[in-house]
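These notes concern the structure reproduced below.
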Amino acid sequence: MIEKPEIFLRRLFDRAVEVADPMRSLGRFLPPKPKGRVIVTGAGKASARMAEAVEAAWGPCEGLIITRYGYARPCQGIEIVEAAHPVPDEAGLTATGRMLDLLRSATEDDFVLALISGGASALLVQPADGVTLDEKRAVNAALLASGAPIDRMNTVRKHLSRVKGGQLAAAAYPARMLALMISDVPGDDPAFIGSGPTVGDRSTREEAAEVLRRWKVDVHASVWRALQSATGVVAPDDTRLSRVENLIVAAPRQSLEAAANLANEAGCMVKMLGDNLEGEARDVAKAQANQALKIKASLRPGDHPVLLLSGGELTVTRRGQGVGGPNAEFCLALAMALDGADGIHAIACDTDGVDGSAEVAGAIVSPDTLKAAKEAGIDALRMLADNDAHSFFEAIDRQVVTGPTLTNVNDFRAVLVSP
């Protein structure tokens, strides 16, 4: 038996975050510092930490990195700019313009190191011609509330941008570029990490428009006009991408495996459900609750505990007015589906420390979760209907708050079933 399941689950999450720390994961992918001019650029929630790791190996470098407010790291030469995420702001717009100017100054003899992680989609901001920043902000906010999968959201973002979909790398041509990435997308496709600023893409503006129609995303008329004009997204075989290499330095699978190893050492039987789960958070929660209950019914005294591990990126279709991200909503829906079943505990957190737009990583579920809520006078069903899972777990003191983790390999979910 694991005596303190909540502490054990938190240890698993912390281990998953630890192995994705750029100070641990980036070094083995970094070549010796090239001779001549080296420019370091990039964006994302982990990008400042990545820059810190680069300078730990290479010493002071020229460059510009854009990260989320509160995620800056001390660097020797690389300038770190903080901007808004998940909805972009003027700071991101200005910094992205400066980054493009810096890259356009590169020559064939120069070397560009691009550091890309999740969050770059919002932090790299240069709207397509005819679209204002406010209109782009409205699109982002509407997409986040629509329930559309992250890859579909990023298709729209690419075609409304002058920097995504390979356009950042194209700006640096003919310089040689190495892009190092931390994946936060199901399947680890580099084209969808941060909307692929260094990766070519064959999607069309018609496909982007279809995303808006399918998920009923209400946008300004200028956005529709932009999606009817020529795209700036760069095709994979474009000459301007011929000197670019893209490498993933950390991914969800590695973090889940590290947590699984820790769980095995503690005597758990681990069932890996996949690192690329998608879908509505409450629907996935019900499915995992049913699986956990079946496992519970099959266990006998003396059996090993069973741990269900999964990653990926779940979504929330916003119907209410509450404060809740996909991990907290997963936990609330899971607690309701388990209905106080004995011996089942769970944790769900975003590895970047931010679940949705709240400064909370996620939450922990115990057999007494619903009982604690009832004693606090909280209606779990009403809170779920209002997409107010963060408020629910805050009221019963079951939130997981990490602060900036300085990495981002997507969601981490663990359901522990004890005999």
Do you know which two heavy atoms are closest between [X] and [Y], and how far apart they sit?
| X | Y | answer |
| --- | --- | --- |
| H345 | P367 | NE2-CD, 3.3 Å |
| V54 | C61 | CG1-SG, 4.4 Å |
| I150 | P186 | CG2-CD, 3.9 Å |
| V125 | P88 | CG2-CB, 3.4 Å |
| S25 | A20 | OG-O, 3.7 Å |
| L314 | L277 | CD2-O, 3.9 Å |

In Å and rounded to the nearest 0.5 Å, what is the [atom1] to [atom2] distance from [X] to [Y]?
| X | Y | atom1 | atom2 | value |
| --- | --- | --- | --- | --- |
| K33 | K35 | NZ | NZ | 13.0 Å |
| T198 | N246 | OG1 | CG | 3.5 Å |
| D355 | N327 | CG | CG | 4.0 Å |
| I80 | C75 | CD1 | SG | 4.0 Å |
| C268 | L307 | SG | CG | 5.5 Å |
| D218 | S146 | CG | OG | 12.0 Å |

Between the side chains of [X] and [Y], is a donor N or O closer than 3.5 angstrom to an acceptor N or O?
| X | Y | value |
| --- | --- | --- |
| N410 | D184 | no |
| S161 | Q167 | no |
| E278 | T315 | no |
| N387 | E329 | yes |
| S203 | D201 | yes |
| Y69 | D89 | yes |
| R137 | N140 | no |

Got a salt bridge between [X] and [Y], using NZ or NE/NH1/NH2 to carboxylate O under 4.0 Å?
| X | Y | result |
| --- | --- | --- |
| E62 | R37 | yes |
| E359 | R68 | yes |
| D101 | R104 | yes |
| D14 | R10 | yes |
| R98 | E79 | yes |
| K45 | D350 | no |

Donor-acceptor pair, side chain of [X] and main chain of [Y], under 3.5 angstrom:
| X | Y | answer |
| --- | --- | --- |
| D386 | R382 | no |
| R205 | W224 | no |
| W215 | P149 | no |
| H304 | G267 | yes |
| R318 | G322 | yes |
| D238 | A235 | no |
| T94 | E90 | yes |
| R398 | I364 | no |
| T405 | T351 | yes |
| E55 | G77 | yes |

So, do [X] and [Y] sit near enough that their side-chain heavy atoms are less than 4.5 Å apart?
| X | Y | answer |
| --- | --- | --- |
| K271 | I295 | yes |
| W58 | L30 | yes |
| E313 | P326 | no |
| V211 | E207 | no |
| I182 | P22 | yes |
| P190 | I248 | yes |
| T369 | S366 | yes |
| R243 | E108 | yes |

Residues M336, L384; criterion side-chain contact (heavy atoms from CB on, under 4.5 Å); working and verdict: CA-CA 9 Å; M336 294 177 65; L384 182 62; 3.7 Å; yes
Might you confirm whether atom [atom1] of [X] has over 12 heavy atoms from other residues, nucleotides or ligands at distances under 6.0 Å?
| X | atom1 | value |
| --- | --- | --- |
| M23 | CE | yes |
| D397 | CG | no |
| R24 | CZ | yes |
| R11 | CZ | no |

Ring pair (Phe, Tyr, Trp, His ring centres under 6.0 Å) involving F393 - partner list, sequence neighbours excluded: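 Scan of F393 (ring pair (Phe, Tyr, Trp, His ring centres under 6.0 Å), adjacent residues dropped) gives none.
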Worked check of side-chain hydrogen bond (donor to acceptor under 3.5 Å, both in side chains) between E135 and S222: CA-CA 8 Å; E135 290 162 355; S222 65; 2.6 Å; yes
Candidate list V249, T41, L180, test side chain to side chain contact (heavy atoms under 4.5 Å, CB included), partner L115, passing option: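 Option passing the side chain to side chain contact (heavy atoms under 4.5 Å, CB included) with L115: L180.
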Residues R49, T67; criterion side-chain contact (heavy atoms from CB on, under 4.5 Å); working and verdict: CA-CA 9 Å; R49 181 68 160 178; T67 194; over 6 Å; no
NZ or CZ of R413 within 45° of F330 ring axis and under 6.0 Å: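 Yes - R413 lies over the ring of F330, closer than 6.0 Å to its centre and within 45° of its axis.
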Test: K158 cationic atom under 6.0 Å from F192 six-membered ring centre, within 45° of axis: yes
L168/M99 under side-chain contact (heavy atoms from CB on, under 4.5 Å): CA gap, chis, key distance, verdict: CA-CA 9 Å; L168 186 77; M99 184 180 296; 3.9 Å; yes
Step-by-step side-chain hydrogen bond (donor to acceptor under 3.5 Å, both in side chains) determination, R15 to S255: CA-CA 7 Å; R15 178 60 176 158; S255 287; over 6 Å; no
Stepwise side-chain contact (heavy atoms from CB on, under 4.5 Å) check, F111 with I39: CA-CA 6 Å; F111 179 86; I39 302 171; over 6 Å; no
